[in-house]
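Comments concern the structure below.
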Amino acid sequence: MTISARILTGIVRVLDFALLLIAAWLAAIGVDAWLQAPLRGLLGLTATIGAGTGCIVLASQGAYALDRLRAPRSQIWPILKAVVLAASAVIACLFFVDAETPQLRAFPFAFGASALLLLAGFRLGLRALIRRWTKAGRFRRRIAVVAVSDFSHEFIERLQAEPDAFEIAGLYDDRLRFGRVSLVHANVPVRGSVDDLLRDSREEKVDVIVIALQLSAVQRITDILEQLSSTVADVCLTTDLAGLTYRNDQFGAVGSNPVISIGETPLKDWRAVKKAGFDYVTGAITLAILLPLLALLALAIRLDSKGPILFRQPRLGFNNGMFICYKFRTMYADMTDVMADRQTMRGDPRITRVGKWMRKFSLDELPQLLNVMNGTMSLVGPRPHAPNTKAADRLFAEVVQQYALRHRVKPGITGWAQVNGWRGETATVEQIENRVRCDLFYIDNWSLLFDLKIAAMTVLREIHSQQAF
């Protein structure tokens, strides 16, 4: 499993703050034991200010960059500076509260000594851990390169100089099918076309897709970007940058290669952690609370008609992958439509008596909490559809060009489209277009508060929706 450098450095920041607070606690104990007099006053607030000052100094000195965490020598000056300024902040706080006792005057120096030892020891241990992870390839990012060109040759050579940080997943070029490019370029096999890359990226991990073309190949770059629009990998462009207009936050690097970021995974690093935390914690609590209700519904289904309690249906999910979606069975067992060749309609004769009641209150969706817990769904996200679902007798992907973009995040039990009235049967092109528009708006504007808003709106507005049947 690849470790996100951004998450790791964030954790180190939190641990540094905790260590500085521990240093203050140890200093208080030491001064108390030395002078045989307990420390009094606003030491808690003073220690917090000192710890915060130390962390701010470390961040300003670039001490949390992964390369610097790998090299403890580069941490010596930032740690010394952070400890001195943290102790100075403590002294200033004690001065303002007019601390004159020997214990309080000794405290900042004991705090500085403790902080120096703890931070230095932590950095040495962290270096050993990072080295072990680096050798195991835990920081290695898999890069796929599009286009056989001079740019890709130089790009690959630079990445090959950093084998611990990068792995070339392969080269892809549509010209391979016409025999216009070689099978190997810069000692890397050309694996196929851009369509092959999309397929491979769904079957194996690809972190970044790099397009290596000159800016003069505008149409070709545009076509490739359109083909890659549904990928969950980061997409960037490495080229001759002269004359290109870009935002500052788009300019970056892959290794020593300058790149322009074209598109990024919508939910990654800390955003992904927050989303997963919300899903698993809220999902587990909700599942525990609703367990008696789920048992009663299962019993009602069993007594109402023959067949399994759960309906297991393949649906399209994250990265266009197929997964099994769980629902309470609401149709007669011999009339279920696993691939959704025929959409459910109002008054559908296939629906059982209990099923009609459950659909009315959306209770048939509750088993999808199991999907949330097994990681195939989120509580909130674009609703997953069965492969053969149609609008106006055409598959959704044929009707809406941007349909696949909604699969760049996990599907959800509820979503922005549903709380805006776009749920139920999709008989027209307009209905699926509005659904997709809402889904893409959700992806582009995701936040934890947005998820909470949608969840609340679902409970208040959609449990007894007119579109539920």
Side-chain angles (χ1 to χ4, degrees), residues 286-287 290-317 322-372 376-377 379-396 399 411-415 417-432 434-435 438-439 457-469:
T286 306
L287 194 57
L290 295 179
L291 204 55
L293 175 61
L294 295 175
L296 288 174
L297 292 173
L299 179 62
I301 294 168
R302 177 64 75 189
L303 296 175
D304 182 56
S305 62
K306 295 181 179 180
I309 292 171
L310 291 180
F311 176 54
R312 297 170 173 84
Q313 185 178 46
R315 296 199 179 187
L316 290 170
M322 205 77 73
F323 75 100
I324 299 300
C325 180
Y326 300 113
K327 296 183 67 175
F328 278 128
R329 180 176 59 83
T330 58
M331 293 185 178
Y332 293 102
D334 58 348
M335 295 184 182
T336 55
D337 182 8
V338 174
M339 301 304 288
D341 291 300
R342 173 187 167 191
Q343 289 194 57
T344 307
M345 299 177 292
R346 196 177 296 276
D348 199 313
R350 298 174 295 171
I351 300 176
T352 65
R353 290 172 299 174
V354 169
K356 182 178 180 180
W357 177 78
M358 283 198 297
R359 282 176 172 267
K360 182 178 181 181
F361 294 97
S362 301
L363 297 175
D364 58 316
E365 309 286 357
L366 292 179
Q368 286 162 40
L369 287 167
L370 299 174
N371 286 108
V372 173
T376 53
M377 288 182 66
L379 290 173
V380 180
R383 285 291 297 157
H385 298 136
N388 293 352
T389 315
K390 299 179 180 70
D393 294 323
R394 294 167 61 195
L395 294 173
F396 286 169
V399 174
I413 296 178
T414 185
Q418 283 62 48
V419 298
N420 279 281
W422 299 109
R423 59 172 297 183
E425 185 183 8
T426 51
T428 67
V429 172
E430 179 189 8
Q431 287 173 318
I432 186 58
N434 284 317
R435 274 197 191 187
C438 288
D439 290 337
M457 290 175 70
T458 299
V459 174
L460 297 174
R461 183 188 301 176
E462 293 301 311
I463 292 300
H464 189 22
S465 170
Q466 296 298 315
Q467 281 78 36
F469 51 83

Open item on the list: If I take atom CZ from residue Arg315 and atom CG from residue Asn371, how far apart are they, to the nearest 0.5 angstrom?
Closed with: 9.0 Å
Open item on the list: Does Met377 form a side-chain contact (heavy atoms from CB on, under 4.5 Å) with Arg383? I'd like the steps, not just the answer.
Closed with: CA-CA 9 Å; Met377 288 182 66; Arg383 285 291 297 157; 3.8 Å; yes
TODO: Measure the shortest side-chain to side-chain distance between Asp304 and Met358 over non-hydrogen atoms and say whether it is less than 4.5 angstrom.
DONE: no
- [ ] Locate the shortest heavy-atom distance separating Ala333 from Pro308; write the atom from each residue and the value.
- [x] CB-CD, 4.4 Å
Open item on the list: Restricting to non-hydrogen atoms, name the atom on Cys438 and the atom on Trp422 that form the minimum distance, rounded to 0.1 Å.
Closed with: SG-CD1, 3.9 Å
Task: Taking every non-hydrogen atom, the tightest pair across Pro349 and Tyr332 - done: O-CE1, 3.9 Å
Open item on the list: Measuring from atom NZ of Lys360 to atom OG1 of Thr330, what distance do you get when rounded to the nearest 0.5 angstrom?
Closed with: 15.0 Å
Task: Under 3.5 Å donor-acceptor, Arg435 side chain and Glu430 backbone - done: no
TODO: Kindly determine whether Leu366 and Leu293 satisfy side-chain contact (heavy atoms from CB on, under 4.5 Å), including the steps that lead there.
DONE: CA-CA 10 Å; Leu366 292 179; Leu293 175 61; 4.1 Å; yes
TODO: Start with the C-alpha distance between Leu287 and Leu370, add both sets of side-chain angles, then the distance that settles side-chain contact (heavy atoms from CB on, under 4.5 Å), and finish with yes or no.
DONE: CA-CA 8 Å; Leu287 194 57; Leu370 299 174; 4.2 Å; yes
Open item on the list: Within this structure, what is the CG-CG distance for the pair Leu294 and Leu363, rounded to the nearest 0.5 Å?
Closed with: 9.0 Å
Open item on the list: What's the separation between atom CD in Gln368 and atom CZ in Phe328, rounded to the nearest 0.5 Å?
Closed with: 11.0 Å
Open item on the list: Can you confirm whether the side chains of Arg329 and Ser305 place a donor and an acceptor under 3.5 Å from each other?
Closed with: yes
- [ ] Apply side-chain contact (heavy atoms from CB on, under 4.5 Å) to the pair Glu365 and Lys327, showing each step before the final yes or no.
- [x] CA-CA 5 Å; Glu365 309 286 357; Lys327 296 183 67 175; 3.7 Å; yes
Task: Straight-line distance of Ile309 CD1 to Tyr326 OH, nearest 0.5 Å - done: 14.0 Å
Task: Nearest heavy atoms of Thr352 and Met331, plus distance in Å - done: CG2-C, 3.6 Å
Open item on the list: If you define the side chain from C-beta out and look only at heavy atoms, does anything of Leu310 sit under 4.5 Å from Ile301?
Closed with: no
Open item on the list: Just verifying a value: how many Å separate Leu379 CG and Thr286 OG1, rounded to the nearest 0.5 Å?
Closed with: 6.5 Å
